[in-house]
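A short write-up of the structure that comes next.
Just so we're on the same page: letters track the sequence lines, and every chain starts at 1.
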Protein chains: 2
Amino acid sequence: MAAVLPLADLKRQVGPGNWINSIIKGDCVAALEALPDHSVDAIFADPPYNLQLGGALHRPDQSLVDAVDDDWDQFASFEAYDIFTRAWLLACRRVLKPTGTIWVIGSYHNIFRVGAIMQDLNFWLLNDIVWRKTNPMPNFKGRRFQNAHETMIWASRDAKGKGYTFNYDALKASNDDVQMRSDWLFPICSGGERLKGEDGKKVHPTQKPEALMARVIMASTRPGDVILDPFFGSGTTGAVAKRLGRNFVGIEREQDYIDAASARIGAVEPLGKAELTVMTGKKAEPRVAFNTLIEAGLLKPGQVLSDVKRRHSAIIRADGTLAANGDAGSIHRLGAKVQGLDACNGWTFWHFQEGEALRPIDDLRAIIRTDLAKLS
Amino acid sequence: MAAVLPLADLKRQVGPGNWINSIIKGDCVAALEALPDHSVDAIFADPPYNLQLGGALHRPDQSLVDAVDDDWDQFASFEAYDIFTRAWLLACRRVLKPTGTIWVIGSYHNIFRVGAIMQDLNFWLLNDIVWRKTNPMPNFKGRRFQNAHETMIWASRDAKGKGYTFNYDALKASNDDVQMRSDWLFPICSGGERLKGEDGKKVHPTQKPEALMARVIMASTRPGDVILDPFFGSGTTGAVAKRLGRNFVGIEREQDYIDAASARIGAVEPLGKAELTVMTGKKAEPRVAFNTLIEAGLLKPGQVLSDVKRRHSAIIRADGTLAANGDAGSIHRLGAKVQGLDACNGWTFWHFQEGEALRPIDDLRAIIRTDLAKLS
DNA sequence: CGATAACATGAATCAGTGG
DNA sequence: TCCACTGATTCATGTTATC
């Protein structure tokens, strides 16, 4: 069983960190306000979808918005939903680390309002992701297209946000070596994965599939990260986070959901470290300066480098710069200059002679990196 | 050549109906105000997306991406964009028949604001439709998911709108007798369909594909209906409307676009009545990524794969890559690596244990494909 | 002339670090 | 906060050039 933390206990300052991997029982905004600034790495939110289907909606002060009926005033309802949305998003934003990202899932009933408010609050939209359902419910009346998808918004905390986690290389490698697109195909949650009560009825009306959650987590978090879910429900976020070696914090009001989620998460076995290692690309590798190749004796001052088609050549100088045609500079600057470009990756542009063949100097950097790896 | 109508002439009341099948030259809202109440059956709007681009973007080969940096896409703030959006949507609403519907296309940059404002103005959202692009531009920096879709909102004029046109049966018949879903697959507009000037450059930066427009028109209008496009651009709406036996009204400010659209529409041959029945969308062979097998539970992280002669083995990681001997990568790259080859088809190389036998993981892909064949 | 390679391009909010 | 510098990064499709 995952720990359950009444909000009152949390507020009594039981100590920092005690809320990791627990479900906070209480109102979403109130519970968020009890968490420290910049304390979570990622947020996944599955807020109430709309007012028009009769779901209960609470204002930030926990008062109940009047139930929707045929006479309801549409503007007042949208306004109430906007106030609610702004409140929880703002509270989430404070809790999120500056390098963190947030996911919000919704349908056409609410996602446009959510997205616009996110922009108003200075979240910086990175992608909208379409979850295409393999087995959506049909449209029974034949008056619309079958509503076969939901939309997720992925955003960083700040405009022009930098430094967020995106495991690009792992996603690409797992996707037949082409980059992952913004349209994802998954079945809806059903069968054995769907939590059911003793009466055989589903515990939660909108339980999300673990496969969807797993891709979200694998894409935008690292092992050990803390993932917050302010509308925890049946606890899919917690279950998948635990399985994938991440930490979670859930917020939920309903005791029935908390009970089901707690038991569910308790039964999850985390994967081992080897299975959880995330594939990284060159960006994550240690930097090796060009000078290091000279110091290691792999290249020598005076030696000539050229591009792969031998159209340009340059001479290595003892200070670790290249010289050609009266110009000199780093491998990158000079590579750009001789080609008349703004930028150039000198590691892949410049080649050295080995026998009759040309090899990129990047091969030599790989040798250095291999040696470095043995040391660490 | 389609008729071009300066807004001043229209205001001089040349007579009702004279604006049918013509392009009104002028500002969008001003032109709309010159049209009568409840005079069009459907609206298709492709407003500026309000892209907020930073500096220049280069492809990995250093070529420059031709960005949409036109003046008409520049707005000072979200607030300015909202004011603009509210104005043209309100003007559209007056012109639309009570039984009419409106389509608006956009991307994550603007569609959330547009959708929220549509709801605020009492449009009643019927569906959001995802246009999945077969050939989207990649993400060059590897910092996001490939932005592979755009979103269309389809709405009726009034809340609980009734009596709008939706050709449910025709769509279903054209879709292998299953109801049309909310995710559509089409290529972007290129090749011979893409309008080009004498300099060989594209006339309009965001010309929409005719196939997309055709499905919109076939789904939500009847022959003889009047379709308004307040951001006419290169005139795709007019060209497809004419071909499909519908009438159009376009509004456009730029003379260059008007000239191109007018000539384009003039060259269109309307289809005969018999051909106006059914048209199908293009289907594509579903791509199945290795990750899909894990997400579907057919393979599990930690499980060991080997080649058919058990000379090499590798462990499946949660991120959808394989690991062996300290190396890691996609099923293809690692298969190549362990064999010392340049390339390898991981689908046929790697096998999993089933009882005492080894079966290629390609067998599992076949299972997924069978399930997906219905979707494409 | 045919096959193949090379090049071009599409609604894009597209980097991270250290001084 | 700004600036300089390193150096990582693309998929599908259509068109043109080359052999």
- prompt: For the side chain of B:D46 and the base of C:dA11, is some donor closer than 3.5 Å to an acceptor across the two?
  reply: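 Side chain to base: pair found, below 3.5 Å.
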- prompt: Can you find a donor-acceptor pair, distance only, under 3.5 Å between B:K208 side chain and C:dA11 base?
  reply: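 When only heavy-atom distances are counted, B:K208 does reach the base of C:dA11 through a donor-acceptor pair under 3.5 Å.
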Sugar-phosphate only, base, or nothing, as touched by [X] at under 4.0 Å among non-hydrogen atoms:
X      : result
B:Q62  : base
A:Q119 : base
A:A343 : base

Which listed nucleotide ([options]) is nearest to the side chain of [X]?
X      : options               : value
A:V178 : D:dC11, D:dG7, C:dA12 : D:dC11
A:R287 : D:dT6, C:dC14, D:dA8  : D:dT6
B:F140 : C:dG10, D:dG7, C:dA12 : C:dG10

- prompt: Are the side chain of B:N50 and the backbone of B:N110 linked by a donor-acceptor contact shorter than 3.5 Å?
  reply: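 Checked: no pair found.
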field: Flag side-chain contact, heavy atom, 4.5 Å: B:Q255 against B:I258
entry: yes
task: Name the residue closer to the 5' end of DNA chain D, choosing between A:D177 and A:F290 according to the nucleotide with the nearest heavy atom.
output: A:F290
task: Let me know, please, whether A:D342 or B:S190 comes out on the 5' side of the other along DNA chain D by nearest nucleotide.
output: A:D342
query: Any idea how A:W103 and A:W184 line up, ring-wise: parallel (<30°), tilted (30 to 60°), or perpendicular (>60°)?
result: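 Tilted, since the angle between the ring planes falls between 30° and 60°.
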Atom pairs under 3.5 Å: protein N/O with N/O of nucleotides 2-6 of chain C:
none

For DNA chain D, the residues among residues 326-338 of chain A that have a non-hydrogen atom under 4.0 Å from it: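 A:S330, A:H332, A:R333 - these, ordered by number, are the residues of the stretch whose heavy atoms sit under 4.0 Å from the strand.
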